[in-house]
Asker: 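Before anything else, here's the structure in question.
Only heavy atoms go into these numbers, but all of them, side chains included; no hydrogens, no water, no symmetry mates. On a predicted model such as this, the values are computed, not experimentally measured, just so you know.
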Amino acid sequence: EVQLVESGGGSVQAGESLRLSCLTSGFIFDDYVIGWFRQAPGKEHEGIAVISSSNGKTYYADSVKGRFTISSDGAKKIVYLQMNNLTPGDTAGYFCAAEPVFDLGSDWASRPLDFGFWGQGTQVTVSS
C-alpha cells in the first residue's frame, strides 16, 4: 500500500524558513515521480516542485523558483521541500503526491490529478 506522510509544517514569520518532509512507503522509490502541491483556502491545488528520483531531475513552479528546493533521500525514502524566504502568500496546506514515472509535461503544476497517491498534508502559515 502506497503511503505518504508529510511533516514539518508550522507557523513562521515572513522571511523565515521551513523544511517539509514526505516519508514514503509501499512502492519502489526510484519508479515514482514525487511532488509537492499546496492548496490555499478557496483555491485549487498548485504544483510547487517535483522530483524524479531515478534521474534526479527536478521541476519548480515559477512562484517558488530560487526560494524552494526539492530533494530526496533514497535510502530513507523521504522527499524534502526546503522553503526559504517565506511570504504570507506561501500560506497553504502542503501535500506530497506520487505517481509512477510519467511524462510530466510543461503544465504539470496545474495537473494535480495526474498524481494518484496523496498524503494528508501539513499546514504552513506565514505571518507578516
Side-chain angles (χ1 to χ4, degrees):
E1 178 186 5
V2 173
Q3 289 191 330
L4 307 169
V5 180
E6 302 95 335
S7 62
S11 297
V12 296
Q13 298 287 319
E16 294 184 341
S17 300
L18 280 174
R19 188 177 77 162
L20 305 183
S21 299
C22 174
L23 176 62
T24 75
S25 62
F27 61 93
I28 298 174
F29 197 71
D30 285 352
D31 289 349
Y32 277 65
V33 172
I34 302 173
W36 285 96
F37 289 76
R38 67 186 180 188
Q39 186 176 30
K43 295 188 177 181
E44 299 291 325
H45 277 92
E46 173 192 11
I48 299 301
V50 172
I51 187 166
S52 180
S53 293
S54 62
N55 57 21
K57 286 188 176 181
T58 58
Y59 307 85
Y60 295 93
D62 289 342
S63 58
V64 303
K65 278 182 181 176
R67 298 190 300 126
F68 291 11
T69 303
I70 190 170
S71 62
S72 65
D73 184 328
K76 296 180 179 179
K77 297 187 176 181
I78 296 176
V79 174
Y80 301 101
L81 184 68
Q82 178 67 42
M83 306 186 296
N84 298 328
N85 194 22
L86 286 161
T87 72
D90 295 316
T91 295
Y94 282 70
F95 299 85
C96 180
E99 181 67 19
V101 173
F102 67 102
D103 184 4
L104 286 166
S106 60
D107 59 345
W108 63 269
S110 60
R111 297 174 58 178
L113 294 181
D114 283 353
F115 290 76
F117 302 96
W118 290 78
Q120 292 298 309
T122 185
Q123 178 67 31
V124 172
T125 302
V126 185
S127 56
S128 57

Asker: Check which hydrophobic residues are tied to Ile28 through side-chain heavy-atom contacts below 4.5 Å, counting indirect links as well, and list them.
Answerer: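 Hydrophobic cluster check, Ile28: no partners found.
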Asker: Linking I/L/V/M/F/W/Y whenever any side-chain heavy atoms sit under 4.5 Å apart, do Val64 and Val50 land together?
Answerer: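 Different hydrophobic clusters.
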Asker: Between Thr91 and Val126, is there a donor-acceptor pair closer than 3.5 Å when you use the side chain of the first and the backbone of the second?
Answerer: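 Yes, the answer is positive, given that a donor and an acceptor are paired below the 3.5 Å cut-off.
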Asker: Please, which pairs that meet salt bridge (charged side-chain N to carboxylate O under 4.0 Å, His left out) have at least one residue in residues 116-128, sequence neighbours excluded?
Answerer: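 The answer is none; no pair qualifies.
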Asker: Salt bridge (charged side-chain N to carboxylate O under 4.0 Å, His left out): which pairs involve residues 18-37, sequence neighbours left out?
Answerer: none
Asker: Partners of Lys65 by side chain to side chain donor-acceptor pair (under 3.5 Å), sequence neighbours excluded?
Answerer: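 With sequence neighbours excluded, Lys65 shows a side chain to side chain donor-acceptor pair (under 3.5 Å) to Asp62, given in chain and number order.
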Asker: Exactly one of Phe95, Trp108, Tyr94 should register a ring-ring contact (aromatic ring centres under 6.0 Å, His included) with His45. Which one does?
Answerer: Phe95
Asker: Test of understanding: with side chain to side chain donor-acceptor pair (under 3.5 Å), list the residues that count as partners of Ser72, not counting sequence neighbours.
Answerer: Ser53
Asker: When you measure from the side chain of Tyr60 to the backbone of Ile70, do you find a donor-acceptor pair of N or O atoms at a distance under 3.5 Å?
Answerer: yes
Asker: Identify all side-chain donor-acceptor contacts of residues 78-86 below 3.5 Å with residues at least two apart in sequence or on another chain.
Answerer:
residue: Gln82; atom: NE2; partner: Asn84; partner atom: OD1; Å: 2.9
residue: Asn84; atom: OD1; partner: Ser17; partner atom: OG; Å: 3.0

Asker: Using the salt bridge (charged side-chain N to carboxylate O under 4.0 Å, His left out) rule, collect all pairs that involve residues 35-49, keeping only residues at least two apart or in two chains.
Answerer: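 Every pair satisfying salt bridge (charged side-chain N to carboxylate O under 4.0 Å, His left out) with a residue in residues 35-49: Arg38-Glu46, Arg38-Asp90.
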Asker: For residues 98-110, pull every pair meeting salt bridge (charged side-chain N to carboxylate O under 4.0 Å, His left out), keeping only residues two or more places apart or in separate chains.
Answerer: Asp107-Arg111
Asker: Are Val101 and Leu104 grouped together when hydrophobic residues (ILVMFWY) are joined by side-chain heavy atoms under 4.5 angstrom apart?
Answerer: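 Val101 clusters together with Leu104.
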Asker: Quick one: closest heavy-atom pair of Gly47 and Ala61, and the distance?
Answerer: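 For Gly47 versus Ala61, the nearest heavy atoms are O-CB, 3.2 Å.
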Asker: Do Ile48 and Leu23 belong to the same hydrophobic cluster, where Ile, Leu, Val, Met, Phe, Trp and Tyr are linked whenever their side-chain heavy atoms lie under 4.5 Å apart, directly or via other members?
Answerer: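 No, no single cluster joins them.
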Asker: How is the hydrophobic cluster of Leu113 composed, in terms of its other members, when Ile, Leu, Val, Met, Phe, Trp and Tyr link through side-chain heavy atoms under 4.5 Å apart, directly or indirectly?
Answerer: none
Asker: What pairs of donor and acceptor atoms, side-chain ones from residues 2-14 against any protein atom, are under 3.5 angstrom apart with sequence neighbours left out?
Answerer:
residue: Glu6; atom: OE1; partner: Gln120; partner atom: N; Å: 3.1
residue: Glu6; atom: OE1; partner: Gly121; partner atom: N; Å: 2.9
residue: Glu6; atom: OE2; partner: Cys96; partner atom: N; Å: 2.8
residue: Glu6; atom: OE2; partner: Gly121; partner atom: N; Å: 3.2
residue: Gln13; atom: NE2; partner: Ser127; partner atom: OG; Å: 3.2

Asker: Sorted by first residue and then second, give each ring pair (Phe, Tyr, Trp, His ring centres under 6.0 Å) pair with at least one member in residues 3-39; sequence neighbours left out.
Answerer: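 Sorted pair list: Phe27-Tyr32, Phe37-Phe115, Phe37-Trp118.
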